[in-house]
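These notes are about the structure you will find just below.
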Amino acid sequence: MPAARESLLDAAFTALTRRPWSAVRMVDVAAAAGVSRQTLYNEFGSKDGLARALVRREADGYLAGVDHALTAHSDPRDRLTATAEWTTAAAGENALVRAMLTGCWSERLPSPALSAVPSTSAVPAQRRADGPLPSPGDLVALVRDRAVTALAGPGTPGSDTADLARSCELVVRLALSCVAAPPGEGGVAGLIRSALQRQAG
């Protein structure tokens, strides 16, 4: 029931923008999605299952944006700059993405355990959500590795790949610092370009 699942996740996300997670009621989420409360429980098992699925979906959406940023330009520096700008924009617009990237979960947000939980769900997407959720360090590594894959040409020597991985991780960590403390003049792009020029020089 993928359409109902997405509708339920959309309804939960909308509810979360209006009130703290502790005040979000399953019956209201089901009603907003136009399904029965039983359908909601069949899909997610519990409110914690709904929270885990919502966090997983937002993480997947963030990483899909990273993939898009890494293919939107031909110049490697522009790709990394776009990735950094996407990271800061996504964190600024989406409180769940911000919490996942920084590890700072406010009392308004759900804060499901990052470790896997036992799953008896018959729903494959929920079994995946019940698996381990990414920590901030996991997300840094995922973005770094995706950037290396996108930027390294076939047959790139191992030492060059290691240098590229360091540059990619630097960009991700600089972007995260911009999430916590927005940059001044020149913005994220200016900061990233400057850092990459210094590293190359």
Side-chain angles (χ1 to χ4, degrees), residues 2 5-6 9 13 52-105 109 112-116 124-183 186-200:
R5 185 178 181 86
E6 282 304 306
L9 290 170
F13 186 83
R52 292 183 70 82
L54 185 58
V55 168
R56 171 66 67 190
R57 183 182 78 162
E58 298 310 306
D60 289 345
Y62 164 70
L63 291 171
V66 166
D67 290 338
H68 175 74
L70 287 168
T71 58
H73 302 277
S74 57
D75 181 82
R77 289 182 185 183
D78 290 341
R79 290 180 179 192
L80 290 174
T81 300
T83 301
E85 289 179 317
W86 163 250
T87 295
T88 56
E93 296 166 5
N94 187 321
L96 284 174
V97 170
R98 182 182 182 98
M100 283 184 281
L101 288 169
T102 63
C104 298
W105 294 84
L109 299 175
L114 296 180
S115 58
Q126 189 57 38
R127 286 199 305 272
R128 180 170 178 263
D130 288 341
L133 297 173
S135 69
D138 294 335
L139 285 170
V140 167
L142 285 167
V143 175
R144 178 201 62 215
D145 294 347
R146 286 170 187 235
V148 169
T149 299
L151 300 177
T156 303
S159 61
D160 289 349
T161 302
D163 289 343
L164 179 59
R166 281 190 290 279
S167 294
C168 293
E169 184 160 339
L170 171 67
V171 166
V172 177
R173 291 187 181 280
L174 281 173
L176 291 180
S177 75
C178 293
V179 169
V188 176
L191 181 66
I192 297 301
R193 288 190 183 108
S194 173
L196 289 173
Q197 283 175 342
R198 284 194 190 105
Q199 195 171 33

Which distance, rounded to the nearest 0.5 Å, do you find between the [atom1] of [X] and the [atom2] of [Y]?
{"X": "R146", "Y": "C168", "atom1": "CZ", "atom2": "SG", "value": "13.0 Å"}
{"X": "D78", "Y": "L70", "atom1": "CG", "atom2": "CG", "value": "12.0 Å"}
{"X": "L164", "Y": "E169", "atom1": "CG", "atom2": "CD", "value": "12.0 Å"}
{"X": "R57", "Y": "E6", "atom1": "CZ", "atom2": "CD", "value": "5.0 Å"}

Any donor-acceptor pair under 3.5 Å from R52 side chain to A113 backbone: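 Such a contact is found between R52 side chain and A113 backbone.
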Kindly write out the residues that satisfy side chain to side chain contact (heavy atoms under 4.5 Å, CB included) with [X], not counting sequence neighbours, or none if the list is empty.
{"X": "Q126", "value": "R5, F44, A53, S121, V123, A129, D130"}
{"X": "P76", "value": "L151"}
{"X": "A181", "value": "none"}

Flag the pair [X] / [Y] as yes when at least one side-chain heavy-atom distance between them is below 4.5 Å, and no otherwise.
{"X": "M100", "Y": "V97", "result": "yes"}
{"X": "L109", "Y": "R98", "result": "no"}
{"X": "W86", "Y": "V143", "result": "no"}
{"X": "V171", "Y": "L196", "result": "yes"}
{"X": "Y62", "Y": "L96", "result": "no"}
{"X": "L170", "Y": "R144", "result": "no"}

Work out which heavy atom in [X] is nearest to a heavy atom in [Y]; give both atom names and the distance.
{"X": "A165", "Y": "V148", "value": "CA-CG2, 3.5 Å"}
{"X": "R56", "Y": "P134", "value": "NH1-CD, 4.0 Å"}
{"X": "T88", "Y": "V188", "value": "OG1-CG2, 3.6 Å"}

Test side-chain contact (heavy atoms from CB on, under 4.5 Å) applied to I192 and L174, step by step: CA-CA 7 Å; I192 297 301; L174 281 173; 3.7 Å; yes
Flag if over 12 foreign heavy atoms under 6.0 Å of NE2, H73: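 Yes - once you tally the heavy atoms of other residues, nucleotides and ligands closer than 6.0 Å, there are more than 12.
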